[in-house]
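A quick write-up on the structure given underneath.
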Amino acid sequence: MRKPIIAANWKMNKTVSEAAEFARELKDLAKDIFSVEIVVCPPFIALGAVGEVLRNTNIRMGAQNMHWEKSGAFTGEISPVMLRDLGCRFVIIGHSERRGYFQETNKDINKKMKSAFSFNLTPIMCVGEKLEERESKSTLKVVEKQIKEGLAEIGKEEIKSLVVAYEPIWAIGTGKTATPADASEVHAHIRSVLSSMHDSETAQQVRIQYGGSVTPESVGGLMKEEGIDGALVGGASLNVNSFLKIIQFNNSRV
Ligand code: PEP
C-alpha cells in the first residue's frame, strides 16, 4: 500500500515570518491527519524557521532544489548536508521551472538524485512534457527519457523510496489540469518504465504524484485514479485553508 503524499511547493513566495505563520496554522489544522504524508517546501531562507515549527509533528519539510556536492566553492548554492541540518527530509529535484529557466539537464538532475539519496533526503523528481510535445503525441517518450536519464545508475533500494511528480508543463500555474484519465495514462507509463529498469515489485512501491494547477475542487477526481498517489501543489498551497482542503481529499471523496 502506497501512502498518499501531498506536497506544497511555495516557489519564490512568502517571507520567513509568513512561512513560519503558515506552518504554525497548518500544524494545528492538520494535527490529526495521518493517512496522508504532508510535506511543505518553503524557500531556502525560511527552512530554519519552518523546521523549528514543524519539528516532531506529522508534517515533513522539503527544499525546492539543492546542489549535488556536499560543500565547496559553489557560490549561491545550497548543499544536501545543509538541508538535512535544517530538518529537511525531502527535496524537489528537476522542477520544470529549474529545467526551463535555469537550464537543468537530465544529467544534472541525475547527479542531484544520487546525491539526495546518499544524504538520506527523499527526492521528489519532477518530469513532464511541454504543450507542443503533448500535441505531437510525444508525452510518453519525453517522460520516459526524463525517467531513464534522471534515474540512471541508481539502485532499486533507493528507487523504492522515490517520489516522482508528473507535472505536464502546460498545466503548471495555468489553471489547466490534465484529466484524471490523461494523468493516469502517464503515471502507468512511468511505473512500467520503472519496472523495466528494475522490477515490478520495486516500481509498485514508488509514489507518483500529479502536479499542475491542482485545487481543492480537482484533487478528489485525480486521487480516485489508482496510479495517482498524491499531488505536488503550487498556487493552491499558498493559502493554508486551500492546502488543508487538498490534504483532506479523502473526506471530500464521495
Ligand atoms: C508546481 O509548482 O509544481 C505546480 C504544480 O504549480 P501549480 O499547482 O501552481 O500549477
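Everything quoted here is computed from the prediction, not taken from an experiment. Counting starts at 1 for both ligands and their atoms, following the listed order.
- Listed by number with element, the atoms of ligand 1 under 4.0 angstrom from any heavy atom of G212 are 5 (C), 10 (O).
- Nearest protein neighbour of atom 1 (C) of ligand 1, counting heavy atoms only, is H95 NE2, 3.3 Å.
- Residue contact check: L232 has heavy atoms under 4.0 Å from atoms 3 (O), 5 (C) of ligand 1.
- Under a 4.0 Å criterion applied to the non-hydrogen atoms of A171, ligand 1 contributes the atoms 10 (O).
- In terms of protein heavy-atom proximity, atom 8 (O) of ligand 1 is closest to G234 N, 2.8 Å.
- A 4.5 Å side-chain heavy-atom check between Q146 and E129 finds every atom pair outside the cut-off.
- Those atoms of ligand 1 with a heavy atom of I172 less than 4.0 angstrom away are 4 (C), 6 (O), 10 (O).
- The protein atom (non-hydrogen) at minimum distance from atom 2 (O) of ligand 1 is K11 CE, 2.6 Å.
- Counting all heavy atoms, side chain and backbone alike, P80 lies closest to S115 at CG-OG, 3.4 Å.
- Remark: side-chain polar atoms of Q64 are paired, donor with acceptor, to backbone N or O of K11 under 3.5 angstrom.
- Of all the atoms in ligand 1, the ones that sit under 4.0 Å from a non-hydrogen atom of N9 are 1 (C), 2 (O), 3 (O).
- Shown are K111, K112, R99; of these, the salt bridge (charged side-chain N to carboxylate O under 4.0 Å, His left out) with E104 is made only by K112.
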List the steps and the verdict of side chain to side chain contact (heavy atoms under 4.5 Å, CB included) for I124 and Q209.
-> CA-CA 9 Å; I124 299 177; Q209 300 174 308; 3.4 Å; yes
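- Closest to atom 5 (C) of ligand 1 among all protein heavy atoms lies E167 OE2, 3.0 Å.
- The contact set between ligand 1 and S213, taken as ligand atoms under 4.0 Å from a residue heavy atom, comprises 7 (P), 8 (O), 10 (O).
- Taking every heavy atom of both residues into account, C88 and G62 meet most closely at SG-C, 4.0 Å.
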For V206 and I190, run side chain to side chain contact (heavy atoms under 4.5 Å, CB included): C-alpha distance rounded to whole Å, both residues' side-chain angles, the deciding distance at 0.1 Å, then the answer.
-> CA-CA 10 Å; V206 176; I190 292 171; over 6 Å; no
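- At the shortest separation from atom 9 (O) of ligand 1 among protein heavy atoms lies G235 N, 2.8 Å.
- Numbered from 1 in the order shown, with element, the atoms of ligand 1 that lie under 4.0 Å from a heavy atom of G173 read 7 (P), 9 (O), 10 (O).
- A side-chain contact (heavy atoms from CB on, under 4.5 Å) with L83 is found for one member of M66, H67, R89 and no other, namely M66.
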